[in-house]
2 protein chains.
Amino acid sequence: MRRKLRETANETATMRLRHAGLRPTRQRNELAKLLFRNGHRHLTAEMLHAEAVSEGVKVSLATVYNTLHQFTQAGLLLQVVVDPTRSYFDTNTADHQHFYCEDESSLIDIPGPDIAVAGLPTPPPGTQIKRVDVVVHVRRH
Amino acid sequence: MRRKLRETANETATMRLRHAGLRPTRQRNELAKLLFRNGHRHLTAEMLHAEAVSEGVKVSLATVYNTLHQFTQAGLLLQVVVDPTRSYFDTNTADHQHFYCEDESSLIDIPGPDIAVAGLPTPPPGTQIKRVDVVVHVRRH
DNA sequence: TCAACAGTTTAGAATTATTCTAAATTGCAG
DNA sequence: CTGCAATTTAGAATAATTCTAAACTGTTGA
Ligand SMILES: [Mn+2]
Ligand SMILES: [Mn+2]
Ligand SMILES: [Zn+2]
Ligand SMILES: [Zn+2]
């Protein structure tokens with residue numbers, strides 16, 4: 001009950017990884033700590049890599065890409081497609097939607113229950129609905 | 001009243017371009033004819049370029065990219081972002097949404113009035129809503 | 001009719017995000 | 001500890017897209 005916060009964060013990250021079936025390596029632990037230490041975030045591989053480097057975490061960009069995809073497959077992250085030039089990853093895996101401001105390339109969450117899509121037609125034959133994504137594009141005025 | 005269909009198509013394309021404020025060049029005319037000759041389509045620059053080449057239309061890939069963006073700015077096309085690896089252009093500029101089947105990279109229109117998004121929260125301060133995109137991801141089962 | 005020039009096209013180089021390769025390193029089961 | 005599969009990584013490769021700068025063309029006004 002007197003362990004340092006750092007150790008606790010480490011154990012939390014390790015547990016999260018084990019629970020997701022991922023081997024808790026040094027790099028995955030560090031990246032998980034950066035990703036999940038505070039509220040929800042939307043970030044690109046480059047952004048996370050820059051953050052890691054600036055905080056003294058040694059990890060290659062290739063590993064950041066690998067890790068983001070592994071976390072996504074494991075359900076720890078969600079990939080968001082709104083900008084044709086880059087891929088965002090979202091630490092909020094709950095059902096929710098987004099405002100996207102192209103001017104500043106920023107994503108803002110819209111809580112899932114707030115928004116409702118009605119009148120969905122039957123999906124094409126032989127397919128079933130997997131997810132409904134709503135992106136509300138906004139512009140600075 | 002006895003002109004060939006080809007001539008009529010040419011005039012239609014030319015008029016469409018003039019009306020959009022674009023100089024009707026040979027390449028723009030040919031691409032407009034390919035794009036708008038039949039029902040609505042969703043296609044990438046590479047796809048349109050391949051189609052042009054296969055039908056004997058001489059145009060460079062760079063021009064296809066330029067033209068697709070110019071047509072989009074002019075309101076003749078809509079850009080659709082669903083796949084992080086490529087950009088689709090949509091000849092349907094009416095208000096509508098999409099089914100996206102990742103397995104086969106195919107987009108299918110959902111007529112605008114069919115679908116309704118309710119409960120949109122107030123957009124972030126200083127911004128106004130520009131467009132609401134709904135993508136229904138489906139999977140082969 | 002046509003010269004002039006802005007707008008357009010284009011080949012090829014460049015850029016950018018992302019993925020791949022193959023060799024070195026590391027976590028962990030035994 | 002050891003052995004080995006899983007992981008990491010530097011750097012090369014790939015793929016979509018954009019840029020550059022030189023050649024070409026549509027339009028216009030004399
Ligand atoms: Mn892209
Ligand atoms: Mn890309
Ligand atoms: Zn989000
Ligand atoms: Zn469409």
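Only this structure's heavy atoms are used, side chains among them; waters, hydrogens and symmetry mates stay out. Each chain gets a letter, A, B and so on, in the order the sequences are listed, and its residues count up from 1.
In this view, B/His40 satisfies the ring-ring contact (aromatic ring centres under 6.0 Å, His included) rule with no residue, not counting sequence neighbours. With sequence neighbours left out, A/His42 forms a ring-ring contact (aromatic ring centres under 6.0 Å, His included) with A/His98.
Applying the ring-ring contact (aromatic ring centres under 6.0 Å, His included) test to every pair with at least one member in residues 59-83 of chain B, sequence neighbours left out, gives these pairs: B/His69-B/Phe89.
Between the CE atom of A/Met47 and the C1' atom of C/dA17 there is a distance of 15 Å, rounded to whole Å. A/Glu46 has its CD atom 10 Å from the P atom of C/dT16, to the nearest Å. Counting to the nearest Å, the P atom of C/dT18 and the NE2 atom of A/His49 are 14 Å from each other. One can place CG of B/Asp83 at 12 Å from P of C/dT18, the figure rounded to the nearest angstrom. When rounded to the nearest whole Å, the span between CG of A/Leu17 and C1' of D/dA6 equals 14 Å. Distance B/Phe71 CZ to C/dT9 C1': 14 Å, rounded to the nearest Å. Rounded to whole angstrom, the span from the OH atom of B/Tyr88 across to the C1' atom of D/dT17 amounts to 16 Å.
Contacts of residues 55-70 of chain A with DNA chain D (heavy atom under 4.0 Å): A/Lys58, A/Val59, A/Ser60, A/Ala62, A/Thr63, A/Asn66. The stretch residues 18-30 of chain B comes close to DNA chain C through B/Arg23, B/Thr25, B/Gln27, B/Arg28, each having a heavy atom under 4.0 Å from the strand.
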Show every donor-acceptor pair shorter than 3.5 Å between a side-chain atom in residues 121-128 of chain B and any protein atom, with sequence neighbours excluded, or say none if there are none.
unit_1: B/Thr127; atom_1: OG1; unit_2: B/Pro124; atom_2: O; d: 2.6

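A donor-acceptor contact closer than 3.5 angstrom links the side chains of B/Arg86 and B/Ser105.
Remark: A/Lys33 does not engage A/Glu51 in a salt bridge, criterion side-chain N to carboxylate O under 4.0 Å. A salt bridge is defined here as a Lys NZ or Arg NE, NH1 or NH2 lying under 4.0 Å from an Asp or Glu carboxylate O, and B/Glu104 with B/Arg140 meets this definition.
Across all strands shown, A/Thr44 has no heavy atoms under 4.0 Å from either base or sugar-phosphate atoms.
Proximity of a side-chain donor or acceptor of A/Asn29 to a complementary backbone N or O of A/Thr14 within less than 3.5 Å is detected.
Residue A/Arg26 places its CZ atom among more than 12 non-hydrogen atoms of other residues, nucleotides or ligands, all under 6.0 Å distant.
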